[in-house]
Amino acid sequence: MAGMEAMAKKRISQQTFDETVRENVDDFEMEKDEALADAIQQFKSQGVDLTNIDTSGTDRSAERDELANALEVIKTAKDALHDGKPIAAEECITAMAALRSACAGGPKTELDADPTVADESTPAPARAGPGVTTNKSIIAMAKGPDSLAAFLPFVALAPAALDTLCAVCEDSVENRDSFPSIAIAVLAKLLDASMADADTVRRCCTTIAVLTTRTEDLKAMFVKKEVGGLRQLLTALKTHGADPLVVIAACQALRSVCSFDDLRRDFSGAYDASRAAVELGTIPELITAFRAFPDNGEVICALCSAMKVMACNDDAVQQIQAGGGVPIIIKCLEDFPDSAPVCQRAAAVVRNLSGNDDVKTTLCQGNCLPLLLAATQSHMEDAALAEHVMASLAAMALRRPTNCERIVALNGIRQITLCMRRFPKVAAVQRACCLTVRNLVGRCPELMDPLLGENMEELLRAAGKVPGSVDAAYAALRDLKLEATMVTMNADGQIQVGVEEFGARKSAFNPVYDDGDANIEDKMSAAAQSPAELGYNM
């Protein structure tokens, strides 16, 4: 089995695939389509994984040459700027357009669109995913983002540089990592200097959102007081609060900067960043923006995403409540019941708001709870929505018997079981449902029978087999007074029943060094030999 798995993971380079296709055409006189099909079949029969290969048959030699030339132009211009020499701006703009083209996979940017030919919303021809991934890797190896950062202080080059950074760094952690941390301070300065220009502000905010996604170093630099990035985002919301595109971009930047999503790091400054943004007065501006765009679903989604990361502690939740934010979030659920994105993001905000005891009671006893339950029924395939709703129910039920009764009265138990059945392999959903069950029976043991009547035991035992929800399912079964045994794997790789309690096994620690051999001195004496015995002439 291990050998078969190893074979399935075999990879080849793009060059090897292209040469095989070319050989089929040149040596075996195949047509292009036939040569491609034969090469694909040949490598698959050998157990080669082709997910990293562009199998479209596009001739990439010209594309690679164009990309290499563009990177050379940009690097040369960066070196010239460093030395204080003049550069050809038009040549740099053309080179950046080539980089955007190499990374194209979606709609064109404003700089790429030609209004005389087509509408700006017309999608650009999409390249194959593996080809784009390869191009982005080439750009990262050439430190393209580092060169592009040198263009940010220059008015003539900044718009193209911002658009190119977005195209190059989106979905490419290696390119984001190659963007110098100090350059994020330059980007914040550009945002400050261009505050009167809505288009540049939008571009800056969008670029900040892309660059700081899953890149902790750039987040940390941007939120520093001396950089003032959070203050600039707040100023953008205040200055251009009537522009939906700027509001969306600024909210995306806030969400990215204040989220812990770089799992390569053990620690994150996301919580501190959220607190700092709240202290600057971001929440009132978000509430104002909610009121300015009550019918714009796209803006509502962005605002909810930003509000979620702002609701990071009890003080922030109280500030949202005092500013009238709670009814606004509930109204989002009322006004957009058919929009899965809006319901999902609004439920995420409710989940964080439910951390406050007073607010969660208001949400549970009011109109919010039935709206959440209805959303899970309307959007049955949305796992993220189910997770947020179930986590909200778990928070509402915690230490609040009246809330538990309300959840059960609104057929909440049925919704819990439905979510567990719809998403049997989604650990986050299973875990949230298990926690809800625990909190329901924690203060209301009379709810055990209704839960068990919905076949909850079988669902919890199934959840206990999903990595990530084992402990929650085990605890829920125990709270329901059911027999449950946790099976774990110890450090030696052996399966053991139950969890080893501290002190159950005698520690192997020895406070005094002792190799354990009581006859060590006798052995040393016996092994000792004189020089004469070893053959030396004395």
Any donor-acceptor N/O pair, [X] side chain to [Y] backbone, under 3.5 Å:
X      : Y      : answer
Gln232 : Lys189 : no
Ser268 : Ala270 : yes
Thr376 : Leu373 : yes
Asn439 : Ala394 : yes
Lys219 : Gly269 : no
Ser101 : Ala97  : no
Lys360 : Ala397 : no
Ser469 : Ala463 : yes
Asp262 : Glu216 : yes

Less than 3.5 Å apart, any donor N or O on the side chain of [X] or [Y] sitting next to an acceptor on the other?
X      : Y      : result
Asp358 : Gln321 : no
Asp315 : Gln319 : no
Thr206 : Gln252 : no

Electrostatic pair [X]-[Y], nearest N-O below 4.0 angstrom:
X      : Y      : answer
Asp199 : Arg202 : yes
Arg265 : Asp217 : yes
Asp177 : Arg264 : yes
Asp163 : Arg203 : yes

Looking at Glu91, I'd like to know if its CD atom is crowded, meaning that more than 12 non-hydrogen atoms belonging to other residues, nucleotides or ligands lie closer than 6.0 Å. no
Ignoring hydrogens, what is the shortest heavy-atom contact between [X] and [Y]? Give both atom names and the distance.
X      : Y      : value
Ala253 : Cys205 : CB-O, 3.6 Å
Leu333 : Cys368 : CD1-SG, 4.2 Å
Gly297 : Val342 : O-CG2, 3.8 Å
Met396 : Leu369 : SD-CD1, 4.2 Å
Cys92  : Phe151 : SG-CZ, 4.1 Å
Asn313 : Tyr271 : ND2-OH, 3.3 Å

Are any non-hydrogen side-chain atoms of [X] and [Y] less than 4.5 angstrom apart?
X      : Y      : result
Phe290 : Val299 : no
Leu372 : Ser392 : yes
Phe154 : Leu81  : yes

Taking only residues at least two apart or on different chains, which pairs with a member in residues 375-388 satisfy salt bridge (charged side-chain N to carboxylate O under 4.0 Å, His left out)?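 Qualifying pairs: Arg351-Glu387.
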Test salt bridge (Lys or Arg N to Asp or Glu O under 4.0 Å) applied to Asp79 and Lys85, step by step: CA-CA 9 Å; Asp79 294 339; Lys85 298 177 181 178; over 6 Å; no
For Arg231, enumerate each residue passing the salt bridge (charged side-chain N to carboxylate O under 4.0 Å, His left out) test, keeping only those at least two apart in sequence or located in another chain. none
Determine, stepwise, if the pair Arg176 / Thr215 fulfils side-chain hydrogen bond (donor to acceptor under 3.5 Å, both in side chains). CA-CA 7 Å; Arg176 292 194 295 270; Thr215 314; 3.1 Å; yes
Let me see the working for Arg255 and Asp261 under salt bridge (Lys or Arg N to Asp or Glu O under 4.0 Å), right down to the final yes or no. CA-CA 11 Å; Arg255 176 188 177 279; Asp261 53 8; 5.7 Å; no
Name of the residue among Leu157, Val73, Thr76 meeting side-chain contact (heavy atoms from CB on, under 4.5 Å) with Ile87: Leu157
